[in-house]
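Data first, discussion second: the structure below is written as structure tokens.
The chains referred to below are lettered A, B, ... by the order of the sequence lines, with proteins before strands, and numbering in each begins at 1. A quick note: this is a predicted structure, and the numbers were derived from the prediction, not measured. No hydrogens, no waters, no symmetry mates; every other heavy atom, side chains included, goes into these values.
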Amino acid sequence: MGREVPQQTPPPPQQQQQQVSFTVEQLVAVNPYNPDILPDLENYVDEQVSSQTYSLDANLCLLRLYQFEPERMSTQIVARILVKALMAMPSPDFSLCLFLIPERVQMEEQFKTLIVLSHYLETGRFSQFWDEASKHRHILEAVPGFEQAIQAYAVHVLSLTYQKVPRSVLAEAINLEGLSLDKFLEHHVAASGWVLEKGHGRGQLIVLPRNEFNHPELKKTTDDGIPLEHVARIFPILG
Amino acid sequence: MAAYDYDEPSATHRQATSDAPSQEPGYDPNHVPDSVKSFVGHLYRHIREKNVYEIHQMYETSFQTLSERLFKETPWPSVDAVAHYVDNDHVFCLLYREMWFRHLYARLQPTLKQRIDSWDNYCSLFQVVLHGVVNMQLPNQWLWDMVDEFVYQFQSFCQYRAKMKNKTEQEIVLLRQFDQAWNVYGVLNFLQALVEKSAIIQILEQEKEGLEQFTATDGYDYSGGSNVLKVLGYFSMVGLLRVHCLLGDYHTGLKCLQPIDITQQGVYTSVIGSHITTIYHYGFANLMLRRYVEAIREFNKILLYIYKTKQYHQKSPQYEQILKKNEQMYALLAISLSLCPQVKLVEETVNSQLREKYGEKMIRMQRYDDEAFAIYDELFSYACPKFITPSAPSFEEPLVNYNQDAYRLQLKLFLYEVKQQQLLSGVRTFLKVYSSISLGNLAKYMEVDESKLRSILLTYKHKTHSVDTDGKTISNADVDFYMDDDLVYVVDSKPPKRYGDYFLRQIVKLEGVINELDRVKLD
């Protein structure tokens, strides 16, 4: 039943990244249910890893093809997809992928590890996360940008929660201390408008940028009015 | 249409009698009663004359009446027996067989051979629609039923095939020989081909700019063309949503539905079955994506709609199915509201129904003990779609059943999510009674240490904020807070009282009373 794949030769490696991603994305859009594109999608996962790009749609498409033909599944590729999905937090991509991976595959050691890591991230236990992650460097270090992505997620949740966060809490969440922490802060002071403040005795406080979640007064009050169609319903009566 | 359970009634006595189509004693596939002759003759004529109203009457009413009267426990006469009453019309015969199989699936247990034949019939029918010239105008109800039944039979086939343990040798031979029947690629590609070939996505786009009419005419074509491909393409988007939900691919499912604006009325609301299927799956997918507010909103709307309109469907063949989905969506609403207690999003009528059905359970679900998990488990299992494993079985001995695998996985992952949110209802309770509280005190009251509490608070923020399709953060929080160093400030979330709805309702009520009074004649 496979529909035709438009003739696509894999682009030469020196070609620009953007163009490559465009091609594979297009391939997925035109052939969402075509087993023939499986190898392209597998290559594309490796490429996302090396070029630090990400496409949930392409990866879900690949997991779908694995789901249809389990004998073609490569657990190594699946593991890479899951690491990339962790890096996409706070989006629920990790769960989206797990929904498509058979339970017996999830029982494998490397997947169990990733599931535990995801659990720590989902429940805000960053120190446990970094501890556990340090024990499995071989899985995570294979994917460039992993630490930075998790740090970005940590900063995201902290910014939803805190107006001012104690330095120690931030340090634990992003797993940095001393000089590297200073550098991290310096960067964010310059780039994201963080402000460093003296706390009440016990060290520094970091003032995180204002958003509608940590400064609720910024939230626009939604739908105070009555929608027109509700009023319209009584027009006949009023008339 | 598909009021069927995980374990379909085992009809071993039927299956054992081989694959001959005449599975019922006393059933003669070649006997055509006069009423059937007249039925097919008239239906054929109305289709040729494009009389949608009459077609709809015959399809919805006469077919049901005849089935009830003559074919309660047997199939309809075979297509070969009726063909010469309809000029051996190829397309009509395909339509007849589609109904023939649908009736068989609803009332009897299909054999494997019949499942395969029905697949072949759908292939021929869709090929004609996709590649032939079709000039019919068929009722939306019928076109919806085709897509709905197609997906249902696929789901039913996957469930059937996954029960390998008690397959006969003959069945295994057939399964191997006809491995393309109900193949998941085939199913998805047909639906996708209908969407693409109909150009429905472009039509809906152009309609927004006023260049095209589709919704305004309920999909019908009043300028002499056919509505069949367009409307089938339209409903196939809902079909794709459903198939992807059955596979556990909620993100892709929602993406397939995107061209349909579900905040508006549309062709999908013109058929009650399609309306319910769309919202049920849309809501379920959002629930699994943790977009609780979106799920609650849509469940609330459709449940209110069903509440107000179900009396008009009492005689419809879909009535039972409407009621079942209604109950399932209350269960899903109970789950959504337990994870995200935004009761203010739910209308009074829906809320009182909900309390009646699940009020007591919902109180227990707040407790997050073993019993609470058991209720989450129970409600999810009752209300979830009939998940399927799409891949073919391994025919190696020993043959094992795997029909529950997909369901178990989705259940397990869902309960895992519930567990992660375990401590949030405790936080909620405290946040509701304080305007601000120090981290230390809150930790004391919750009997956890401060660092654990910080994690719980981060979890609360993470779980109550979802990411929408554009990557934007949306708050689903019923109670919200923010922290300044070690102080937790609760956000005063008292919504401004909304009198508008109240007044509108009272105005309508008053008008009713006045009308009533006007009618009273004072002698």
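Most heavy-atom pairs under 4.5 Å with chain B: of the set A:Cys97, A:Pro90, A:Ser127, A:Pro102, this distinction falls to A:Pro90. Of the residues considered (B:Val508, B:Thr473, B:Ile507), B:Thr473 shows the highest number of contacts with chain A, using heavy-atom pairs under 4.5 Å. Interface remark: of the candidates B:Glu511, B:Gln420, B:Lys412, B:Gln420 forms the most heavy-atom pairs closer than 4.5 Å to chain A. Chain B forms more heavy-atom pairs under 4.5 Å with one residue of A:Ile101, A:Thr123, A:Val157 than with any other, namely A:Thr123. Between chain A and the options B:Asp484, B:Leu289, B:Asp405, the largest number of non-hydrogen pairs under 4.5 Å is found for B:Asp484. Each of A:Gln67, A:Arg64, A:Glu103 has some count of heavy-atom pairs under 4.5 Å with chain B, and the biggest count is that of A:Gln67. Looking only at heavy-atom pairs under 4.5 Å with chain B, the residue among A:Ser91, A:Cys61, A:Ser95 that has the most is A:Ser91.
Proximity to chain B involves both the backbone and the side chain of A:Leu98, based on heavy atoms less than 4.5 angstrom apart. With a 4.5 angstrom heavy-atom cutoff, B:Lys255 touches chain A only via side-chain atoms. With a threshold of 4.5 angstrom between heavy atoms, B:Cys158 does not approach chain A through any atom at all. The parts of A:His119 that come within reach of chain B are both its backbone and its side chain, each placing non-hydrogen atoms under 4.5 angstrom from that chain. Of the atoms belonging to A:Leu63, not a single heavy atom falls under 4.5 Å from chain B. The contact between A:Asp57 and chain B is made entirely by side chain atoms (from C-beta outward), counting heavy-atom distances below 4.5 Å. Neither the backbone nor the side chain of B:Leu191 has a heavy atom closer than 4.5 Å to any heavy atom of chain A.
Scanning all heavy atoms of the two residues, the minimum distance from B:Leu439 to B:Met483 falls at CD1-CE, 3.6 Å.
Using modelled atom types, one side-chain atom of B:Asp449 and one backbone atom of B:Lys452 make a donor-acceptor pair closer than 3.5 Å.
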Inset, instruction - Test side chain to side chain donor-acceptor pair (under 3.5 Å) on A:Gln151 and A:Glu147 and set out the steps. - result: CA-CA 6 Å; A:Gln151 286 167 341; A:Glu147 278 190 8; 4.7 Å; no
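Taking the six-membered ring wherever Trp is involved, the centroid distance between the rings of A:Phe99 and B:Phe414 does not fall below 6.0 Å. Separation of the B:Tyr122 and B:Phe190 ring centroids does not fall under the 6.0 Å cut-off. If you look at A:Tyr33 and B:His244, their ring centroids are closer than 6.0 Å.
Note that B:Lys461 lies in the cation-pi zone of B:Phe481, set by a 6.0 Å cut-off to the ring centre and a 45° limit from the axis.
Ring pair B:Phe284/B:Phe380 is tilted by interplanar angle, where 30° to 60° counts as tilted. Using cut-offs of 30° and 60° on the angle between ring planes, the pair B:Phe387 and B:Tyr250 is perpendicular. Note: A:His188 and A:Phe184 have tilted aromatic rings, judged against thresholds of 30 and 60 degrees for the angle between ring planes.
Residues of residues 169-176 of chain A lying under 4.5 angstrom from chain B, judged on non-hydrogen atoms, are A:Val169 in numerical order.
At a threshold of 4.0 Å, the pair B:Arg161-B:Asp179 does not count as salt-bridged, since none of the basic side-chain nitrogens sits closer than that to a carboxylate oxygen. A salt bridge does not link B:Glu347 with B:Lys308: none of the charged nitrogens is closer than 4.0 Å to a carboxylate oxygen.
Between A:Asp131 and A:Tyr120, the side chains place no donor N or O within less than 3.5 Å of an acceptor N or O (distance only, hydrogens not considered).
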